[in-house]
Structures are given as structure tokens and as C-alpha cells.
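Just so we're clear, the structure is a prediction, and the values are computed from it rather than from any experiment. First the proteins, then the strands, lettered A, B, ... as listed; each starts at 1.
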Number of protein chains: 2
Amino acid sequence: MSYSIGEVSRKLGVTIDTIRYYDKAGLLPFIQRNASGRRAFTENDIHLMRTIVCLKNAGVSVADISKFIAYRLEGDSTLTKRYRLLEDHRQALQQQIADLEDTMTYLKFKEWYYKTAVDAGTESIHFVPGTNEVVPDLAQEYSDHLTAENQLAEREHFANVKDYRNRGTH
Amino acid sequence: MSYSIGEVSRKLGVTIDTIRYYDKAGLLPFIQRNASGRRAFTENDIHLMRTIVCLKNAGVSVADISKFIAYRLEGDSTLTKRYRLLEDHRQALQQQIADLEDTMTYLKFKEWYYKTAVDAGTESIHFVPGTNEVVPDLAQEYSDHLTAENQLAEREHFANVKDYRNRGTH
DNA sequence: ATATATCCTGGAGTCGACTCCAGGACAAGC
DNA sequence: GCTTGTCCTGGAGTCGACTCCAGGATATAT
């Protein structure tokens, strides 16, 4: 028993056009055709495609999934290559999330900077007296303003904020 | 004192064309021009642009950064909006990384499945006797094969693998 | 004063990942 | 046997985020 492209589309929640696009792109070299030239998907094909959708959702490019599929066809000798490909993507994503967390930390710092400035009625409270330069260790002060209770949780945030110190504030 | 687009490009590691593209896209509404119509970047502009690059690196789209900048111009009343925009992106990324980790767990499971099959000389060791169906609780067996030492660390992985059980193996 | 570097705009080109369409071939229900 | 539904291919269109011109003005160095 086999499935039509429409059935697979509904099963996987992927449009027919996208399935055909993936086929053109070499992601589905295993799919057979029936007597009249229509794609006939086996249960097994669908499982494989679930893996592909999985990789796609995880942000892997079609080109890289294509590589992955090609390795698959080569058999167990490429298990390490396949694993490494996934590893690389995991690390890229973790770098991305780290960047975003840095960004949020920076934002928090800036919000504190403004809140205190507004409270004081002037931004100059953050300047080296007599200049327009922000004090060098402002991030340290930011850390100090956190309660002792928060300090534990925020200690790593502070480490990030330090990296942003030379980016200035505004 | 102000900087030219070329200087900013070198300072931020972003091409001149990209800076102009960002300007066209409304990301840099604050930049002034000099007498001859050239962009004149202040130190402050550069700081702001560092934030923009930061958001970009974190995977935020130009359209969303544009929103962010527009909120900025509205002042402190939009601090919450801005924070929430970042929050949303952080969560999307975390979902993505979770997907990828699920995918890797699935892959590990598949590798175990094949290794044991190869060791046994036949895939049928994983089938319900007399059928071509994979045994229902294979993921449980996978969990059991892990050493007691590993089991603690792998327990959450197993939780993920269970979700993949009905995707079959191949 | 001239050569070279840098800047400007408007618009075209590229790339990845789809998405849509025309024109034609089965397939299934009545 | 006709209508309606689903499928096929090849190719064009779209969208986001750049990237690359062409043609012209301004700045800097010698």
C-alpha cells in the first residue's frame, strides 16, 4: 500500500508544492513512481520525510539536508559525517541563542542606565566628573545595584554586560 | 566630530552597501547629513548601530528591528513593547534549539537501532515476531540499554525519544 | 590642477526557499 | 461518458536580505 503526494501533504502538514520542491532539490531520491508516473510514497518514505521536516524545523538548510540524504545513501560509513553535520548546526544555534541572551542583558543594562538617569534628572550621573565620558566601570555599579539575592542569578549576566561595556551607552 | 560611512563600515564590520540598505529600510532614521549630502555618523549613532548589528546577529529580521527602532523613537513608554519583542525572539530561538535537540536524540536512537541490527546481522531483532512492525516500546529498550550511570543524564533524552516512537525507524 | 579615493542615488541582480500557474494526463464517482 | 478531483512538468513569480552596478558629485594628496 502506498500514499499519494496529497495524502503525504496532509499527513506531514507540508504543502504539495514544497514536497515537489524538495524532490527537485534532491531531498527525496528514494521515492518511486507508479505506472502513470505519479509519486507513490511508502510508509517508510513518510518516516524519512518526517526526519527531513524535523531537520528543516531545526533550521538546517535544504542544501545541508541534501548532503545528509546523500550520506544516508552511502550507508553506515557516513554515520560520523551525519552526526557532525547535526553537531555543527546545534552549535551554530547555540551561538545564536548566546548572542541573543547577550543582547537582552545589554538591553537590561541600558534600561537600568536610563531609569537611574531619569530618577536623577540628568544623564550626567553616569559621567566622569567634568566630562561627557561614561564612567569606565559602570557595569560594575550596575552589578552592585542588584540585590544580594539577585546577584547570584545575575552574576553570569554581569559577565556578559562587561563585554558590552566598551560599546558605550545611549 | 563625526564619522563617514566607510569608517563606520570598518568599525562595525558591516559593508557600506548593507549600511545603506539598512538606512533605506528605515533602521537608521537618526543619521544626519553634512553640507554636501554625505552621511555623518556620531559616536552615539555608532552605538545604536552596534545594538542593531547585535539584534541582527541574534536572528531578528530587518522588519522587526525597524519596529524596535520606531518604538525607541517613541521613548520610555515603549520599553515594555521593546522588551517583549526581544522576549518573543528569544522564545522562538529556544523552540528551535529544542527541535534540534529532539532531532539529535532521534538520530542517536536511530544509530543505536542500526548498530544493534548490524551486530545481530538482521534488522528483525527489532520487529514483533512474525511481522515487519517495529516493537511498540523500542524506545524503552533503548533506554534500558544505557548504563545506570548514563541513565540519569539520558533520562530527559529518553522523554524526547518517546515522542518520536510513532515516527518509526528506518 | 590632476589623479585617486570616497561618497551619493536609483535601480538591477542574486540567492535561498518556497509558491503559483499553464497546459496536459489520469482517476473516481455517478 | 462526463464531470470533478488529483496529479504531472517546466517555468515564472515572490520575498527577504543583501550585493552590485552606472553615472555623477565631492574630498584628499601631491
Side-chain angles (χ1 to χ4, degrees), chain A residues 1-29 31-42 45-46 49 51-70 85 88-89 92-93 96 99, chain B residues 1-29 31-42 45-46 49 52-69 85 88-89 92-93 96 99:
Chain A
M1 209 292 179
S2 68
Y3 302 89
S4 73
I5 196 169
E7 286 167 325
V8 174
S9 166
R10 283 186 292 274
K11 257 179 193 282
L12 299 186
V14 172
T15 74
I16 290 178
D17 272 324
T18 299
I19 294 174
R20 284 202 272 249
Y21 165 70
Y22 286 168
D23 198 3
K24 279 183 194 168
L27 264 56
L28 313 173
I31 289 166
Q32 304 297 316
R33 302 297 181 109
N34 68 15
S36 51
R38 294 187 176 191
R39 290 176 186 83
F41 298 76
T42 69
D45 293 344
I46 293 173
M49 289 176 69
T51 304
I52 288 170
V53 170
C54 209
L55 290 171
K56 195 210 62 169
N57 286 345
V60 181
S61 74
V62 166
D64 278 355
I65 298 178
S66 178
K67 240 186 265 172
F68 196 84
I69 296 292
L85 206 150
D88 287 355
H89 276 285
L93 265 189
Q96 239 188 356
D99 282 359
Chain B
M1 210 290 181
S2 70
Y3 301 90
S4 73
I5 195 170
E7 287 167 326
V8 174
S9 166
R10 283 186 290 275
K11 257 178 193 285
L12 299 186
V14 173
T15 73
I16 289 179
D17 272 324
T18 299
I19 294 175
R20 284 203 271 248
Y21 166 69
Y22 286 167
D23 198 3
K24 277 182 194 170
L27 263 58
L28 312 174
I31 289 166
Q32 305 296 318
R33 303 298 181 109
N34 67 18
S36 52
R38 296 187 173 189
R39 289 174 186 84
F41 299 75
T42 69
D45 293 345
I46 293 173
M49 289 176 71
I52 288 170
V53 170
C54 209
L55 290 172
K56 194 210 64 173
N57 287 344
V60 181
S61 73
V62 166
D64 279 356
I65 298 179
S66 178
K67 240 187 265 172
F68 196 84
I69 296 292
L85 206 150
D88 287 354
H89 276 285
L93 264 188
Q96 236 187 3
D99 282 359

Verify, without hydrogens or angle tests, whether Asp23(B) (side chain) and Arg20(B) (backbone) share a donor-acceptor contact under 3.5 angstrom. no
Contact string for nucleotides 25-30 of chain C, one letter per nucleotide 5' to 3', B = base within protein heavy-atom range under 4.0 Å, S = sugar-phosphate only, - = neither, reads BBS---
Using a distance-only test with no angle check, is there a side-chain donor-acceptor pair under 3.5 angstrom linking Ser36(B) and Asn34(B)? yes
Contacts of Glu7(A) meeting side-chain contact (heavy atoms from CB on, under 4.5 Å) (sequence neighbours excluded), chain-then-number -> Tyr3(A), Ser4(A), Arg10(A)
Exercise. Would a distance-only check, ignoring hydrogens and angles, find a side-chain to backbone donor-acceptor pair under 3.5 Å from Asp99(B) to Gln96(B)?
Worked result: no
side-chain contact (heavy atoms from CB on, under 4.5 Å) with Ile19(B): of Val8(B), Ile52(B), Ile31(B), only one passes, and it is Val8(B)
For Ala40(A), the side-chain contact (heavy atoms from CB on, under 4.5 Å) test, sequence neighbours excluded, returns Ser2(A)
From CD1 of Ile5(B) across to C1' of dA5(C) the rounded distance in Å is 15 Å
With B for base contact, S for sugar-phosphate-only contact and - for none (protein heavy atoms under 4.0 Å), nucleotides 14-20 of chain D reads ---BBBB
Separation of dC8(D) atom C1' from Ile31(A) atom CD1, nearest Å, is 14 Å
Between CZ of Phe41(B) and P of dC8(C) the distance, given in whole Å, is 7 Å
Rounded to whole Å, CZ of Arg20(A) lies from C1' of dG10(D) at a distance of 11 Å
Taking only the side-chain nitrogens and oxygens of Arg39(A), find out if one of them lies under 4.0 Å from OP1 or OP2 of dC8(D). yes
* To do: Please determine if a side-chain N or O atom of Ser4(A) lies less than 4.0 Å away from the OP1 or OP2 oxygen of dT6(D).
  => no
By side-chain contact (heavy atoms from CB on, under 4.5 Å), Asp88(A) pairs with (sequence neighbours left out) Arg84(A)
For Ser66(B), the side-chain contact (heavy atoms from CB on, under 4.5 Å) test, sequence neighbours excluded, returns Leu27(B)
